[in-house]
Amino acid sequence: VTDAEGNLVEEYKAEVVNTMDEISESTWDLVQTGMERMVENSSAFSELDFSMAGKTGTAQQSSLHPDHALFVGYAPADDPEISVAVRIAYGYSSSYAAEIGRDIAQIYFDSDSVDELITGKAAEVGSASSGD
């Protein structure tokens, strides 16, 4: 974690706390292929210069509230360095969460893009779509 000036605030190390050894390799391969295809078929990810895999989703609370928007993903798809999970409470569409996940990964792999992506103003509503 860094502050706004890029100074290290806290460093974390990955720790495996649980495994799912009972799931077959072929099942994992199918899930991974599906996540890669979701990103490949979403216009939100069309201009990335690295591979990414992900899945969008929505969670309905009630007919009186907008859906919660969800995205989980990782990149590069073939040798992950970063994983991302985005949940926007009452976010309407998972496409919005996917765009945020894409931007997080973009900044991770190209820190020079931070000024373009983080402007201090609300972004325009994206036009990308992806299936839930």
Side-chain angles (χ1 to χ4, degrees):
V1 176
T2 59
D3 62 18
E5 286 78 39
N7 300 310
L8 183 64
V9 175
E10 189 162 351
E11 186 170 358
Y12 296 93
K13 295 196 187 263
E15 175 187 352
V16 176
V17 295
N18 204 351
T19 61
M20 298 174 63
D21 299 325
E22 66 279 0
I23 297 175
S24 71
E25 187 174 337
S26 63
T27 299
W28 278 119
D29 290 345
L30 287 171
V31 170
Q32 201 163 353
T33 298
M35 292 176 74
E36 290 174 24
R37 287 187 180 161
M38 178 265 149
V39 167
E40 290 169 4
N41 292 308
S42 171
S43 59
F45 299 92
S46 63
E47 296 187 19
L48 293 179
D49 56 1
F50 54 88
S51 63
M52 190 164 188
K55 179 66 181 99
T56 58
T58 55
Q60 297 173 324
Q61 180 172 337
S62 74
S63 60
L64 301 174
H65 297 89
D67 292 345
H68 301 294
L70 310 165
F71 173 77
V72 295
Y74 55 91
D78 58 344
D79 189 19
E81 294 178 30
I82 183 175
S83 61
V84 179
V86 178
R87 174 184 174 261
I88 306 172
Y90 310 113
Y92 291 93
S93 170
S94 60
S95 296
Y96 305 140
E99 290 175 1
I100 292 169
R102 173 207 59 210
D103 290 352
I104 292 168
Q106 181 71 29
I107 291 168
Y108 176 83
F109 288 108
D110 178 14
S111 60
D112 292 337
S113 65
V114 71
D115 291 333
E116 176 187 334
L117 296 172
I118 300 177
T119 63
K121 300 176 185 175
E124 291 183 31
V125 174
S127 60
S129 64
S130 55
D132 288 335

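Computed from heavy atoms alone, side chains included, the values below leave out hydrogens, waters and symmetry copies.
- If you chain together ILVMFWY residues whose side-chain heavy atoms come under 4.5 Å of each other, V1 ends up grouped with V9, Y12.
- Contact annotation: the side chain of E99 never approaches that of F71 to less than 4.5 Å [non-hydrogen atoms, C-beta and beyond].
- Contacts of Y108 classified as ring-ring contact (aromatic ring centres under 6.0 Å, His included), with partners at least two apart in sequence or in another chain: none.
- For Y74 against M52, the heavy-atom pair with the smallest separation is O-CG, 3.3 Å.
- Once rounded to the nearest 0.5 Å, the distance linking OG of S42 with CG of L48 reads 9.5 Å.
- Only one option out of H65, Q61, H68 pairs with Y90 in a side-chain hydrogen bond (donor to acceptor under 3.5 Å, both in side chains); it is Q61.
- Taking 4.5 Å as the limit, some side-chain heavy atom of E81 sits within range of a side-chain heavy atom of F109.
- With no hydrogens or angles considered, no side-chain donor-acceptor pair links S43 and S46 at under 3.5 Å.
- Summarising the geometry, atom CG belonging to N41 is positioned 11.5 Å from atom CD belonging to E36; distances are rounded to the nearest 0.5 Å.
- Pairing each heavy atom of V84 with each of G101, the nearest pair is CG1-CA, 3.8 Å.
- Taking each heavy atom of S94 and G57 in turn, the nearest pair found is CB-O, 3.2 Å.
- Distance CG/D67 to OG/S62: 9.5 Å, rounded to 0.5 Å.
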Criterion side-chain contact (heavy atoms from CB on, under 4.5 Å) on D110 and D49, from CA distance to verdict = CA-CA 10 Å; D110 178 14; D49 56 1; 5.8 Å; no
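- For the pair N7 (side chain) and D3 (backbone), a donor-acceptor distance under 3.5 Å is absent.
- Scanning both residues, A69 and S93, for their nearest heavy atoms gives CB-O, 3.1 Å.
- When every heavy atom of V72 is checked against every heavy atom of M35, the shortest pair comes out as O-CE, 4.2 Å.
- In plain terms, the two heavy atoms of S51 and A75 that are nearest each other are O-CB, 3.4 Å.
- Annotation for M20: hydrophobic cluster partners, listed by chain and number, are I23, W28 (ILVMFWY side-chain heavy atoms under 4.5 Å, direct or chained).
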